[in-house]
Amino acid sequence: MKTKIGFNLRQVCGENIIVAEGEENIDFSNIISMNESSAFLWKEAQQLESFTIADLVRILTDEYEVDEATATEDVTKLTAQWGASGILEGDDIPVLPTQEATEKLSATPSTPAEEAEKKEKKGFFKKLFG
């Protein structure tokens, strides 16, 4: 994968944001804000002709005190978000399952009592926060 040309990191009012530069990239409906570590990775990724998740994991673990497993999970999520935002290109951009798909995959048949308990909890939160 690689960063798309025309998307550059800028600091605006102390915030790291991706700015689309060039007529073909103008779309103000999606502003991408980045924290310090994701901005660091974006700068590093832009310097590479292409990169893999393993490349970014190595860069992240060299710069920050983070274990490889956590870095891999974080980089996978981050590159999936970048890909969904349209600022990366390539055939190897990870795609994370939606929350609904994840819930369906992890769902196990439940008893009527468990279903009733779920409905009670759902109703409680709905009343409290809804």
Side-chain angles (χ1 to χ4, degrees):
M1 72 191 104
K2 63 182 183 175
T3 60
K4 258 191 192 175
I5 295 173
F7 290 94
N8 296 305
L9 183 69
R10 299 282 184 250
Q11 266 207 337
V12 177
C13 298
E15 294 290 321
N16 292 307
I17 62 168
I18 295 292
V19 176
E21 298 173 349
E23 282 184 34
E24 67 278 358
N25 291 328
I26 294 179
D27 177 8
F28 295 107
S29 65
N30 190 16
I31 294 176
I32 301 166
S33 178
M34 295 192 183
N35 64 19
E36 180 185 331
S37 57
S38 62
F40 167 75
L41 283 176
W42 180 261
K43 288 178 198 174
E44 294 295 313
Q46 281 194 306
Q47 295 177 22
L48 302 171
E49 187 174 318
S50 67
F51 58 89
T52 64
I53 289 173
D55 294 329
L56 294 184
V57 166
R58 181 187 45 75
I59 291 168
L60 189 63
T61 56
D62 286 350
E63 183 69 18
Y64 294 93
E65 290 184 25
V66 61
D67 63 273
E68 190 173 334
T70 301
T72 300
E73 183 179 336
D74 291 348
V75 167
T76 301
K77 287 178 185 176
L78 180 64
T79 53
Q81 290 171 346
W82 287 350
S85 298
I87 60 175
L88 289 183
E89 53 190 13
D91 295 332
D92 56 345
I93 300 170
V95 177
L96 298 178
T98 62
Q99 183 176 353
E100 185 178 303
T102 304
E103 288 171 359
K104 284 181 182 178
L105 288 174
S106 64
T108 56
S110 54
T111 66
E114 290 172 331
E115 286 298 318
E117 186 179 332
K118 284 182 192 176
K119 284 182 182 176
E120 277 183 38
K121 286 181 182 177
K122 195 179 263 184
F124 171 75
F125 286 111
K126 190 173 184 180
K127 286 179 187 172
L128 184 62
F129 299 109

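Everything numeric in this text was worked out from a predicted model, so none of it was measured.
- I59 places none of its side-chain heavy atoms less than 4.5 Å from the side chain of D62.
- Within a 6.0 Å sphere centred on CD of E89, heavy atoms belonging to other residues, nucleotides or ligands number more than 12.
- In this structure, NZ in K43 is found 14.0 Å from OG1 in T3, a value given to the nearest 0.5 Å.
- Smallest separation of non-hydrogen atoms from S85 and I32: CB-CD1, 3.6 Å.
- Counting heavy atoms from C-beta outward, W82 and I18 have side chains that stay 4.5 Å or more apart.
- Side-chain atoms of Q46 come within 3.5 Å of backbone atoms of F7 as a donor-acceptor pair (strictly under, hydrogens ignored).
- A 4.5 Å side-chain heavy-atom check between L96 and T76 finds at least one atom pair inside the cut-off.
- Around CD of Q11, the count of heavy atoms belonging to other residues, nucleotides or ligands within 6.0 Å exceeds 12.
- Using a 4.5 Å heavy-atom threshold, the side chains of L60 and L78 count as separate.
- Considering CD1 of I17 and CZ of R10, their distance stands at 9.5 Å, rounded to 0.5 Å.
- The structure places OG1 of T79 at 10.5 Å from CG of D74, a figure rounded to the nearest 0.5 Å.
- Between Y64 and L41, the closest side-chain pair of non-hydrogen atoms is not below 4.5 Å.
- From M1, atom CE reaches atom OG1 of T52 across 6.5 Å, with rounding to the nearest 0.5 Å.
- By the neighbour-count criterion of 12 heavy atoms within 6.0 Å, atom CD of E15 is sparsely surrounded, having that number or fewer from other residues, nucleotides or ligands.
- The CD atom of Q81 sits 11.0 Å away from the CG atom of L88 when rounded to the nearest 0.5 Å.
- Contact record, T61 with A71: CG2-CB, 3.7 Å, taken as the closest heavy-atom pair.
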